[in-house]
Amino acid sequence: MQHVDTAPAARTALWFHAINRTGTVELLLLAVFVATVTAAAGRAAQLPALLRGLGAVLVPLLVLGGTAFTVGSEPLAVVLAVSLVVLLVRVGAVARRIGRHRS
């Protein structure tokens with residue numbers, strides 16, 4: 001009878017779960033950052049209503065998408081993908097807005 005060492009598999013599972021928790025925390029912190037920047041830019045009247053609205057939509061999407069790492073749900077994985085696309089669109093739009101404002 002051959003003995004199989006399960007320690008490497010357990011170690012791999014441990015790392016996998018640690019990385020997933022890190023991804024969740026990262027997206028939650030990103031949601032807090034987006035909310036803070038959106039509120040500050042809104043108070044300073046530096047962002048148009050469309051970008052403020054996009055930020056308001058992005059925050060819950062990031063929070064829900066972040067749970068996809070720990071829950072393992074297909075609908076949450078879709079929310080995660082959508083939240084990352086919305087994040088890229090918003091970052092691009094804000095960067096363009098800032099670029100126009102400076103020149």
Side-chain angles (χ1 to χ4, degrees):
M1 181 174 217
Q2 187 177 13
H3 174 70
V4 177
D5 186 13
T6 59
R11 193 173 309 117
T12 300
L14 180 69
W15 279 107
F16 179 77
H17 292 298
I19 289 169
N20 282 342
R21 283 191 299 273
T22 303
T24 299
V25 170
E26 175 186 349
L27 286 176
L28 291 175
L29 291 173
L30 190 55
V32 169
F33 177 75
V34 168
T36 303
V37 169
T38 299
R43 281 192 301 273
Q46 294 297 314
L47 284 181
L50 178 65
L51 289 178
R52 289 192 312 268
L54 198 55
V57 168
L58 181 58
V59 170
L61 284 176
L62 287 169
V63 171
L64 283 174
T67 61
F69 289 112
T70 56
V71 175
S73 165
E74 186 62 33
L76 289 176
V78 171
V79 171
L80 173 62
V82 169
S83 72
L84 295 178
V85 170
V86 172
L87 176 64
L88 287 174
V89 168
R90 185 168 188 275
V91 167
V94 169
R96 182 178 172 147
R97 170 79 180 179
I98 291 171
R100 280 186 183 174
H101 186 66
R102 285 189 174 187
S103 52

Side-chain heavy atoms of Val57 within contact of Arg90, under 4.5 Å | no

Nearest heavy-atom neighbours spanning Gly55 and Thr38 | CA-OG1, 3.9 Å

Could you grab the distance from atom CG of Leu58 to atom CG of Leu30, nearest 0.5 Å is fine?
-> 7.0 Å

Establish whether Leu84 and Val86 are linked, either directly or via other cluster members, by ILVMFWY side-chain heavy-atom contacts under 4.5 Å.
-> yes

Determine, stepwise, if the pair Val37 / Val94 fulfils side chain to side chain contact (heavy atoms under 4.5 Å, CB included).
-> CA-CA 11 Å; Val37 169; Val94 169; over 6 Å; no

Pick out which of Val89, Val85, Val91 makes a side chain to side chain contact (heavy atoms under 4.5 Å, CB included) with Leu87.
-> Val91

Within one Ile-Leu-Val-Met-Phe-Trp-Tyr cluster: Val32 and Leu28, side-chain cutoff 4.5 Å = no

For Gln46 and Arg97 the tightest heavy-atom approach is O-NE, 3.4 Å

Considering all heavy atoms, the nearest Ala77-Ala68 contact | N-CB, 3.8 Å

Do Val25 and Leu62 belong to the same hydrophobic cluster, where Ile, Leu, Val, Met, Phe, Trp and Tyr are linked whenever their side-chain heavy atoms lie under 4.5 Å apart, directly or via other members?
-> no

Between Leu80 and Leu27, is a side chain to side chain contact (heavy atoms under 4.5 Å, CB included) present by the stated rule, with each step listed?
-> CA-CA 9 Å; Leu80 173 62; Leu27 286 176; 3.3 Å; yes

Does one hydrophobic cluster hold both Leu54 and Val82, with members joined at side-chain heavy-atom distances below 4.5 Å?
-> yes

In Å and rounded to the nearest 0.5 Å, what is the OG1 to CG distance from Thr24 to Leu29?
-> 11.0 Å

Locate the shortest heavy-atom distance separating Ala31 from Val63; write the atom from each residue and the value.
-> CB-CG2, 3.9 Å

Begin with the C-alpha distance, continue with both residues' side-chain angles, and end with the deciding distance and a verdict on side chain to side chain contact (heavy atoms under 4.5 Å, CB included) for Val71 and Leu64.
-> CA-CA 10 Å; Val71 175; Leu64 283 174; over 6 Å; no

